[in-house]
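One structure is given below, encoded as structure tokens.
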Amino acid sequence: MTSAPVMLGMRMPDVDVWSDRVAVALGQNPSPFTGPGTNTYLIGTGPERILLDPGQGLPSYLPVLEAAMQRVGCRALQEIVLTHGHVDHIGGVRSVLERHGPLRVSKFPWPESDSTQAGLELTPLADGAVVRTEGATLRGVFTPGHAPDHLCFVLEEEHALFSGDNVLGVGTTVIPNTSGDLGAYLRSLERLLAESPRRIYPAHGPAIEDGVAKLREYIAHRHERERQILAALERGPATVQHLRKLEREGRVRAHGDDRLAARWELV
Ligand SMILES: [Zn+2]
């Protein structure tokens, strides 16, 4: 799960080449939460490349991945790297392994979630870990908040950033109620800003050309939301009953059926 339903309707090509060392194959999993679907990235310039986030595991994805490999002259996958363990990122690992043989699969550990991936061997990737392939160097940046195991990756050769679900090409990132952490998320955004990325390659939606401006916009947006909530509470104590009242009046709306876990926004 990634972003608010505003992303539905955006279309992107199944296969696209975004730079000399970055090609994208769409995960074939469009939805209100994934927008056009997960961007799965082939990274590098050689005959063997890194696959970052193999999508959700839909059968229609494998031919798209193969078309992307052919288009850029990638004859085999070197290894799989994950930004985090949400299903639209890790779900495709098994079918890619079945098709492309045993490969190293690495991610930042999240024991509660990783233990649900029975039989899948996951190599731990730490903050600052470097993964290399011909023409590309990825450096992991631990960025929890959207998920407790989230890594972004700096692409050193381009001074670019693979942002996973921390920054999106469209919509805004969801901070899940149970495993998310808004404070950690804001610190992660500040950490990414300190990297001064030029371009951002998000997990959903098109590439973002001015990474620094987009990160500043995300940080400002979260601070503005906080200010609005505090201003609302200053007018009197609020409970979820207030939100339900406002919902009945058509002034706010909730995303999610569980009213306690829902995200609320002004109409
Ligand atoms: Zn996610």
Side-chain angles (χ1 to χ4, degrees), residues 1-8 10 12 24-41 51-58 61 80-96 105-117 120 122 124-125 127 138 140-153 161-189 191-192 200-208 211 214-215 218-219 221-222 255-256 258 261-263:
M1 63 188 276
T2 51
S3 64
V6 294
M7 291 166 74
L8 197 66
M10 157 164 283
M12 286 168 55
V24 61
L26 266 192
Q28 308 304 306
N29 57 324
S31 79
F33 296 103
T34 61
T38 306
N39 293 338
T40 85
Y41 288 106
L51 177 61
L52 179 70
D53 285 349
Q56 198 157 331
L58 296 171
Y61 165 66
I80 295 172
V81 175
L82 300 171
T83 58
H84 62 301
H86 284 162
V87 65
D88 54 321
H89 300 254
I90 201 173
V93 168
R94 279 167 210 278
S95 52
V96 170
V105 181
S106 48
K107 70 184 285 296
F108 191 95
W110 177 9
E112 295 92 320
S113 171
D114 295 347
S115 61
T116 65
Q117 300 292 329
L120 196 61
L122 297 167
L125 212 53
D127 182 32
L138 295 179
V141 184
F142 183 47
T143 41
H146 165 76
D149 60 342
H150 200 288
L151 282 173
C152 293
F153 292 91
L161 181 75
F162 290 96
S163 62
D165 280 355
N166 268 31
V167 177
L168 301 172
V170 267
T172 40
T173 300
V174 164
I175 309 302
N177 237 29
T178 45
S179 57
D181 181 332
L182 184 56
Y185 177 67
L186 275 166
R187 287 190 293 279
S188 291
L189 290 178
R191 203 176 161 198
L192 294 175
I200 288 179
Y201 297 110
H204 304 274
I208 296 151
K214 180 57 87 175
L215 284 163
Y218 264 54
I219 291 165
H221 171 77
R222 292 290 172 176
H255 295 292
D258 177 351
R263 297 175 64 243

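Whatever order the structure lists ligands and atoms in, that order sets their numbers, starting from 1. Source: prediction; values computed, not measured.
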Mutual orientation of the aromatic rings belonging to F162 and Y201 [parallel < 30°, tilted 30-60°, perpendicular > 60°]:
parallel
Less than 6.0 Å separating the ring centroids of H89 and H204?
yes
I'd like to check the side chain to side chain donor-acceptor pair (under 3.5 Å) partners of D149; sequence neighbours left out, ordered by chain and number.
K107
Check D165 and report its N/O/S atom nearest to the Zn ion (ligand 1), by atom name.
OD2
Three-point angle H146:NE2, the Zn ion (ligand 1), H84:NE2, rounded to the nearest 10°:
100°
Residue among L125, V141, N166 satisfying side-chain contact (heavy atoms from CB on, under 4.5 Å) with L151
L125
Of all N/O/S atoms in H86, the name of the one nearest the Zn ion (ligand 1)
ND1
Check whether any N, O or S atom of H150, backbone or side chain, sits closer than 2.8 Å to the Zn ion (ligand 1).
no
